[in-house]
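All values derive from a computational prediction rather than experimental measurement.
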Amino acid sequence: MRPAATLPRVPGPRRTSPGHRGDLVALAVEAVLLVAAVAVGLVLNRRGAGLHADAAPLYATWRPHAGWGTPLAVLVAVVVLGPGLRWARTARWAALLAAGWLAAVAWTLSLALVDGWSAGLARRLTPQAEYLHEVPGVVDIPRMLAGFTDRILDFQPDSWSTHTAGHPPGALLVFVWLDRIGLGGGTAAALCCVLVGATAAVSVPVTLRALGAAEAARAVLPFLVLLPGAVWLGASGDAVFTGVVAAGLALLAVRGPVAALAGGLLLGFALHLSYGFVLVGGLALAVLALRRDRRRAALLAATGGVAAVTALFVLAGFRWWEGYDRVVERYYQGWAAERPYTYWVWANLAALLLSAGPVLGPALRRTALAAVPLLGAALRRAALAARPAGQWGADGPVARVAGTGGAGGWVRVLGPTVLLPAAAALAVAAADLSGMSKAEVERIWLPFAVWLLVAVAHLPPPARRWWLAAQALTALAVNHLLFTVS
């Protein structure tokens, strides 16, 4: 026998996981983008360019401050980063979801209370531009719905306030219904936003687990708890929107046509919360395609749910497409006419980074790199499946790849941790390029940001704690240096 030193070296598996250096490069690119957006924003504001955002790229004002929510926020972050992160890997599923929601509520409330109880919560939704301004005037809901479109345009005596005019009537209805059940006023509305927005920390992991990615669900949950976007979840109407969309998609993922129908009903209502949620269609199709059973039945049930909600609004007198047509006109009656597209089309991405957190770039980079070999495998399988069956025989490769070709096979090969962030990224890109999202996307894109963070499942486990700490520090820095407005 030859000495061990002279034995031929057997090649091991190729290292496919990208190194930390690439993550740092992605982080540096994010830093350059953010610094450029802030610097150019300062210059444009001094020149009176009409950004209408004092702390561009964020819709906020520079105001370093602290509050009694400061130590609470730090405490929540420390608990999640310490025992919480370890517990997320081993806890029973139901207990983990309950703890995740409670932690997300605590994180959002503590960040809001940095601004104080009044400014951070009780008066957050009471300015003239907000939905609550219109609630006292809605004495007849059917009449309000029938005449909603006629009041969208500005510069008329009965024009809706800014946020009400910019959304379908479902957004106003949420706060009208709260008032009807005795939960009127700014405090109740703000707490409702916090409680509903925090459910995204449950809905996204539930979706992943239902689609066969249980380990990814546990990895993603802490990042949803310490979401920097919680600065805007507490409190704004977009928190409710985020929770509704995430719950609708989660229901599409779980088994059974009843759940799919319920998901369709929620997504149909979401379509009447924000016109931009037509872009949620891509995420919904991705979830349905990733289901492991009865995709066609789920698609029909979900479509029926969306159609039913739309029909109810049409019967009540509101037609989504007519409202959207008026909203585009109203949009350019206001600040959008002055806000320069050439700045916001790229500065929006810097605002998204502050909302989704610095982990976004490295996580998406690793997701894209993970997708390359998966796509290669899918191409090879498709090529084998396309060959004549006689060439391989009944038991050859064609038989082994049966069912993996076509769009459905590609979807199953890529999996939810690739496909869901990709669908969310496409939605964000479409919204950005449309010109209908100039500024304020740090809250407007929250319903998509929580799905972008599914990409963190591709981070190596040892690095997740450091990235999660960076997420928490980002939220604390934004909330303490700026006074954000919704």
Smallest separation among heavy atoms of [X] and [Y], with atom names:
X: Leu81; Y: Ala469; result: CD2-N, 3.5 Å
X: Ile152; Y: Gly323; result: CD1-O, 3.8 Å
X: Ala336; Y: Tyr331; result: CB-O, 3.1 Å
X: Pro228; Y: Leu354; result: CB-O, 3.4 Å
X: Thr367; Y: Thr417; result: CG2-O, 3.6 Å
X: Val450; Y: Leu224; result: O-CD2, 3.7 Å

Quiz item: For Asp179 and Phe175, what are the C-alpha separation, side-chain angles and deciding distance, and is it a side chain to side chain contact (heavy atoms under 4.5 Å, CB included)?
Solution: CA-CA 6 Å; Asp179 183 72; Phe175 297 98; over 6 Å; no

Practice problem: Sorted by first residue and then second, give each salt bridge (Lys or Arg N to Asp or Glu O under 4.0 Å) pair with at least one member in residues 333-356; sequence neighbours left out. | Solution: Arg339-Glu440

Test your reading of the model: is there a side-chain donor-acceptor pair from [X] to the backbone of [Y], 3.5 Å cut-off?
X: Asn479; Y: Leu111; answer: yes
X: Trp451; Y: Ala423; answer: no
X: Glu442; Y: Ala356; answer: no
X: Asn348; Y: Ser437; answer: yes
X: Thr126; Y: Arg123; answer: yes
X: Arg291; Y: Val254; answer: yes

Exercise. Would you check if there is a donor-acceptor pair between the side chains of Glu134 and Ser161 at a distance under 3.5 Å?
Key: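 Note: Ser161 and Glu134 side chains meet the donor-acceptor criterion.
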
Self-check item: Ser159 and Arg151 side chains, donor-acceptor separation under 3.5 Å
Solution: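 Absent: no donor and acceptor within the cut-off.
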
Quiz prompt | Heavy atoms from other residues, nucleotides or ligands near CZ of Phe483 exceed 12 (cutoff 6.0 Å) | solution = yes

Quiz item: Around Arg180, counting heavy atoms of other residues, nucleotides and ligands shown, do more than 12 lie under 6.0 Å from its CZ?
Solution: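 More than 12 heavy atoms, drawn from other residues, nucleotides or ligands, come within 6.0 Å of this atom.
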
Can you find a pair of side-chain heavy atoms, one from [X] and one from [Y], that are under 4.5 Å apart?
X: Leu364; Y: His458; value: no
X: Leu178; Y: Val135; value: no
X: His133; Y: Pro127; value: no
X: Thr207; Y: Pro416; value: no
X: Phe448; Y: Leu352; value: no
X: Val40; Y: Trp346; value: yes
X: Trp467; Y: Val456; value: no
X: Leu227; Y: Phe223; value: no

Quiz item: Looking at Arg124, Arg443, Arg63, which hits side chain to side chain donor-acceptor pair (under 3.5 Å) with Thr484?
Solution: Arg124

Could you give the distance from [atom1] ([X]) to [atom2] ([Y]), rounded to the nearest 0.5 Å?
X: Leu452; Y: Leu420; atom1: CG; atom2: CG; result: 10.5 Å
X: Leu267; Y: Leu251; atom1: CG; atom2: CG; result: 8.5 Å
X: Asp154; Y: Gln156; atom1: CG; atom2: CD; result: 8.0 Å
X: Trp335; Y: Leu51; atom1: CH2; atom2: CG; result: 11.5 Å

Verify the ring-centre separation between [Y] and [X]: is it less than 6.0 angstrom?
X: Tyr59; Y: His52; answer: no
X: Trp160; Y: Phe148; answer: yes
X: Tyr341; Y: Trp344; answer: no

Practice problem: Dump the intermediate steps for side chain to side chain contact (heavy atoms under 4.5 Å, CB included) on Thr187 and Trp117, then the final yes or no. | Solution: CA-CA 9 Å; Thr187 301; Trp117 177 264; 3.6 Å; yes

Self-check item: Summary of side chain to side chain donor-acceptor pair (under 3.5 Å) pairs that have at least one residue in residues 262-279, sequence neighbours excluded
Solution: none

Practice problem: Evaluate the criterion side chain to side chain contact (heavy atoms under 4.5 Å, CB included) for residue pair Leu233 and Asp238; output intermediate values, then yes/no. | Solution: CA-CA 7 Å; Leu233 287 177; Asp238 296 272; over 6 Å; no

Quiz item: Angle class for the Tyr131/His163 ring planes (parallel below 30°, perpendicular above 60°, tilted otherwise)?
Solution: tilted

Quiz prompt | Residue pair Trp445, Asp432: steps toward the side chain to side chain contact (heavy atoms under 4.5 Å, CB included) verdict | solution = CA-CA 10 Å; Trp445 288 351; Asp432 192 30; 3.7 Å; yes

